[in-house]
A.B. asks: 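Have a look at this one.
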Amino acid sequence: MAFMLPDADDHSHTNDLVLSEAICDLAFEFSGHLHNPAKAHWEYVKKLLQNLYEATHIQQLEETLIMSQLKSMAAGDVVTYLIHAHNATVVFRRGAGETITESFKVSPAVAVVMGACGKLVCLYPGPTIAIPDMVFDDVVFCLKLAHFLCEMDKDSLDTVPTSHKVGSMVLKMQDTMHLQYITELLTGILWAVGRPAEVQ
């Protein structure tokens, strides 16, 4: 039996929160059935999902939450943030001596989806930058990064897609935002204090 798709957009903060909570609960339950070394690796997944649930719960990103989550990262930890206003996700992966930052588009543009013949292929991640721990652990750097992410989460700036109709510009609210301020501006800023990283 085929899945029934919704007749309209069913996206809401409530649905996001319920989904995040369900996934988090299942991950914690599943970890109880594991034994070492798999159980030790699963701790990273649990922390990732718990942090994601906390970020989803507050509806809009807050600097104090981001600061707390980034500062509590240990080697192996992953923290991710959905930047709502820019249709982007930023991922932080803590390693030994550096933190890898990745960013990518969450949803493809409507024209790309509608124009696809067959499967639509999306490649992840987007730009990746390695930031040394000496920089990433700096309180001022972390505060500025948290502030930037919070502002981008609520302010779309000039990224809303537009089209021209009858000689005037019209906003295309049903289309996805351009993520230039995340994949270009943020990546450029981080590149100044880090280096491009190769991830698979």
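For the single chain, residues carry numbers from 1 onward in sequence order.
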A.B. asks: Is a side-chain N or O of Ser72 found less than 3.5 angstrom from the main chain of Ser68, in a donor-acceptor match?
C.D. replies: yes
A.B. asks: List the atom of Met67, the atom of Ala146, and the distance in Å for their closest heavy-atom pair.
C.D. replies: CG-CB, 4.0 Å
A.B. asks: So does His13 have more than 12 non-hydrogen atoms from other groups sitting under 6.0 Å from NE2?
C.D. replies: yes
A.B. asks: Does Lys144 NZ have over 12 foreign heavy atoms under 6.0 Å away?
C.D. replies: no
A.B. asks: Parallel, tilted or perpendicular, judged at 30° and 60°: which one describes the rings of Tyr81 and Phe92?
C.D. replies: perpendicular
A.B. asks: Among the clusters formed by ILVMFWY side chains lying less than 4.5 Å apart, do Tyr44 and Leu52 turn up in the same one?
C.D. replies: no
A.B. asks: Among Arg93, Arg195, Met134, find the residue that satisfies the side-chain contact (heavy atoms from CB on, under 4.5 Å) test when tested with Glu98.
C.D. replies: Arg195
A.B. asks: Could you tell me the separation between the CE atom of Met152 and the NE2 atom of His147, rounded to the nearest 0.5 Å?
C.D. replies: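 That separation rounds to 8.5 Å.
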A.B. asks: Indicate the atoms forming the closest heavy-atom contact of Ser12 with Asn15, along with that distance.
C.D. replies: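 Nearest pair, atom of Ser12 first, then Asn15: OG-N, 3.1 Å.
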A.B. asks: Within the 4.5 Å heavy-atom criterion, are Leu190 and Phe136 side-chain neighbours or not?
C.D. replies: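 Side-chain contact under 4.5 Å: no.
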A.B. asks: What pair of heavy atoms forms the shortest contact from Gly95 to Ala75, and how long is it?
C.D. replies: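 Closest heavy-atom pair between Gly95 and Ala75: O-CB, 3.8 Å.
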A.B. asks: Does some side-chain heavy atom of Val90 sit less than 4.5 Å from a side-chain heavy atom of Ile83?
C.D. replies: yes
A.B. asks: Is it the case that one hydrophobic cluster holds both Leu70 and Val193, taking links as side-chain heavy atoms less than 4.5 Å apart, direct or via other members?
C.D. replies: yes
A.B. asks: Side chains of Glu102 and Pro127: closer than 4.5 Å at any heavy-atom pair?
C.D. replies: no
A.B. asks: Any link between Leu143 and Phe148 through a network of hydrophobic side chains (Ile, Leu, Val, Met, Phe, Trp, Tyr) touching at under 4.5 Å?
C.D. replies: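 Per the 4.5 Å side-chain linkage, Leu143 and Phe148 are not co-clustered.
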A.B. asks: Just wondering, do Ser103 and Thr187 contact through their side chains at under 4.5 Å, heavy atoms?
C.D. replies: yes
A.B. asks: Take Asp137 and Arg94 through the test salt bridge (charged side-chain N to carboxylate O under 4.0 Å, His left out) and record every step on the way to the result.
C.D. replies: CA-CA 11 Å; Asp137 292 338; Arg94 187 73 181 224; 3.0 Å; yes
A.B. asks: Any side-chain heavy atom of Val78 sitting closer than 4.5 Å to one from Val91?
C.D. replies: yes
A.B. asks: Check whether any side-chain heavy atom of Leu186 lies under 4.5 Å from a side-chain heavy atom of Ile129, and answer yes or no.
C.D. replies: no
A.B. asks: Do Trp191 and Ile189 land in one hydrophobic cluster if side-chain heavy atoms of ILVMFWY residues count as linked below 4.5 Å?
C.D. replies: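 Yes, it is one cluster - the side chains of Trp191 and Ile189 are joined through contacts under 4.5 Å.
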A.B. asks: State yes or no: do Ile23 and Leu34 share one hydrophobic cluster built from I, L, V, M, F, W and Y residues joined by side-chain heavy-atom distances below 4.5 Å, directly or via other members?
C.D. replies: yes
A.B. asks: Is the backbone of His84 close enough, under 3.5 Å, to the side chain of Asp153 for a donor and an acceptor to pair up by distance?
C.D. replies: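 A pair under 3.5 Å: yes.
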A.B. asks: Taking all atoms of both residues into account, what is the closest heavy-atom pair of Lys71 and Val139, and its distance?
C.D. replies: NZ-N, 4.2 Å
A.B. asks: Below 4.5 Å, heavy atoms only, C-beta onward: do Tyr53 and Leu49 meet side chain to side chain?
C.D. replies: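 Contact flag for Tyr53/Leu49 side chains = no.
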A.B. asks: What's the shortest heavy-atom distance between Leu65 and Ala55, and which atoms?
C.D. replies: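 Closest pair (atom of Leu65, atom of Ala55, distance): CD2-CA, 3.6 Å.
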A.B. asks: Examine distances only and state if a side-chain atom of Trp42 and a backbone atom of Phe30 form a donor-acceptor pair shorter than 3.5 Å.
C.D. replies: no
A.B. asks: Out of curiosity, Glu62 CD to Leu149 CG, how far, rounded to the nearest 0.5 Å?
C.D. replies: 13.5 Å
A.B. asks: Would you say the side-chain atoms of Asn51 pair up with the backbone N or O of Leu48, donor to acceptor, closer than 3.5 Å?
C.D. replies: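 The answer is no, because no donor-acceptor pair under 3.5 Å joins these two groups.
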A.B. asks: Looking only at heavy atoms, which two atoms of Lys39 and Ser31 are closest? And how far apart?
C.D. replies: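 Minimum heavy-atom contact is NZ-O, 3.1 Å.
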A.B. asks: Any donor and acceptor pair, going by atom type alone, linking the side chain of Lys47 with main-chain N or O of Asp77 inside 3.5 Å?
C.D. replies: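 Absent.
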A.B. asks: State, with a plain yes or no, whether a side-chain heavy atom of Ile66 is found less than 4.5 Å away from one of Cys150.
C.D. replies: yes
